[in-house]
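Notes for the one structure printed next.
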Amino acid sequence: MHVILSGGAGYIGVPLAAALLEAGHSVSVFDQFHFGAQVFGPWREHARLRLIQGDIRSANADLFRGADAVIQLAALSNDPTADLDREVTRAINLTATVRCAHLAREAGVERYLFSSSCSVYGDSQGWVDENSTPEPVSLYAQYKLEAEVALHSLATESFCVTSLRSATVYGVAPRMRFDLVANIMTLHAWKRGRLFVLGGGRQWRPLVHVSDVAQAFVLALQAPANLLNRTILNVGDNAQNFQVRDIAEIVRCVVPNTRVEQVSEDDDNRSYRVAFDKAEQLLGFKTKHHVEDGVKEILEGLEKGELRDDISTQTLAFYRNLFDDRRVMGK
């Protein structure tokens with residue numbers, strides 16, 4: 001297949017591009033490359049990889065002609081970043097996402113995979129699955145949910161739309177992020193020797209390794225279209241639902257001399273335990289990594305100096321700078 005991978009130079013995008021190439025597909029990465037094209041390393045010279053610089057808000061029909069599938073990753077990618085500017089977030093995470101699906105369908109693209117998030121479950125009591133009523137509590141999650149609904153309404157027998165709701169991602173990737181719970185805890189434990197757990201750490205979070213997310217998208221791309229059309233799939237592992245305090249304990253056990261401190265207040269009221277049986281049933285998807293593996297690989301990368309602790313790995317700070325440069329954000 002020829003796959004358009006929008007937002008393909010990001011944290012999930014680079015490992016996904018590599019996984020698609022390894023599976024024999026041709027990949028056109030469409031991205032603004034705020035973090036540079038060097039994130040692709042040796043893959044950059046691959047004969048079946050094409051890098052196209054552009055803004056999803058101004059994508060045109062030519063981008064999608066001749067493509068078999070689109071995987072839509074492009075977005076402002078976490079709750080605090082989405083809150084920086086509601087207008088820009090809506091334009092990217094919702095309006096442009098749906099517009100690109102229209103263009104793709106008109107161009108004859110057959111598959112459209114949307115990267116959604118388990119954050120749509122918000123503050124949920126007990127276990128939730130794809131049949132549960134979402135309870136988004138953030139702008140980021142709200143636009144993810146609205147995009148799912150709009151995209152699925154575009155599906156036809158010849159245009160298969162699938163939404164993959166990923167758990168909170170962790171692990172090492174070429175475009176590293178240290179704003180995700182397991183990743184930032186590992187950084188703080190290594191750098192400062194202590195972790196702060198807010199609100200008693202009772203909040204539930206499902207976790208999944210970035211490489212496992214990439215594999216889920218590859219499996220979904222290759223599954224029969226009639227099996228996945230207008231389908232939502234949670235991407236993760238039942239056994240990797242943790243309370244935040246348990247994630248901190250895992251990090252403490254891996255990173256020497258780490259102290260965990262409890263802080264009573266927490267403005268983040270998200271808490272959700274997610275079931276992932278459907279992806280295993282339909283795709284045969286099973287995770288290969290555990291959060292302890294991710295903590296260990298991050299620690300190793302930090303100790304070897306292979307991972308950078310700077311603004312490029314801090315999503316909120318990085319995008320705040322981009323918002324300050326209104327030419328970059330198109331305002």
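All heavy atoms count here, side chains included; hydrogens, waters and symmetry mates do not. Note that the structure is a prediction, hence the values are computed from the model and not measured.
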*Less than 4.0 Å between a side-chain N and a carboxylate O, is that true for E130 and R165?*
no

Contacts under 3.5 angstrom, residues 215-229 side chains, donor-acceptor by atom type, not counting sequence neighbours:
| from | atom 1 | to | atom 2 | distance (Å) |
| --- | --- | --- | --- | --- |
| Q222 | OE1 | H25 | NE2 | 3.0 |
| N229 | OD1 | V161 | N | 3.0 |
| N229 | ND2 | T156 | O | 2.9 |

*Name all pairs fulfilling the side chain to side chain donor-acceptor pair (under 3.5 Å) condition that reach into residues 6-20, sequence neighbours left out, sorted by first residue then second.*
S6-Q72, Y11-N183

*Before giving the answer on side chain to side chain donor-acceptor pair (under 3.5 Å), spell out for T81 and N78 the whole-Å C-alpha distance, their side-chain angles and the decisive distance to 0.1 Å.*
CA-CA 5 Å; T81 303; N78 65 11; 2.5 Å; yes

*After noting the C-alpha distance and the side-chain angles of L316 and D179, does the key distance pass the side chain to side chain contact (heavy atoms under 4.5 Å, CB included) rule?*
CA-CA 8 Å; L316 178 60; D179 58 297; over 6 Å; no

*Taking all heavy atoms of L299 and all of P256, pick out the closest pair and write down the distance.*
CD2-CD, 4.5 Å

*Cut-off 3.5 Å, side chains only: do N234 and D129 have a donor facing an acceptor?*
no

Expected list for residues 62-71: side-chain donor-acceptor pairs under 3.5 angstrom, two or more places apart:
| from | atom 1 | to | atom 2 | distance (Å) |
| --- | --- | --- | --- | --- |
| D62 | OD1 | R65 | NH1 | 2.0 |
| D68 | OD2 | H2 | N | 2.7 |

_Is it true that, when you exclude R308 itself, more than 12 heavy atoms of the residues, nucleotides or ligands shown sit nearer than 6.0 Å to its CZ?_
no

*Hey, is K144 close enough to E148 for a salt bridge, meaning N to O under 4.0 Å?*
no

*Can you check whether V274's main-chain N or O pairs, donor with acceptor, with N241's side chain at less than 3.5 Å?*
yes

*Would you say Q38's side chain and F35's backbone share a donor-acceptor pair under 3.5 angstrom?*
yes

*Could you pull out the closest heavy-atom pair between P15 and G10, with the gap in Å?*
CD-O, 4.3 Å

_What's the separation between atom NE2 in H46 and atom CD in E22, rounded to the nearest 0.5 Å?_
8.5 Å

*asked:* Can you classify the ring geometry of Y112 versus F159 as parallel (below 30°), tilted (30 to 60°) or perpendicular (above 60°)?
replied: tilted

*Using 30° and 60° as the class limits, which term best fits the ring planes of H289 and H209: parallel, tilted or perpendicular?*
parallel

*Quick check: are there more than 12 heavy atoms from other residues, nucleotides or ligands sitting under 6.0 Å from CD of E157?*
no

_Keeping T313 on the side-chain end and D309 on the backbone end, is there a donor-acceptor pair under 3.5 Å?_
no

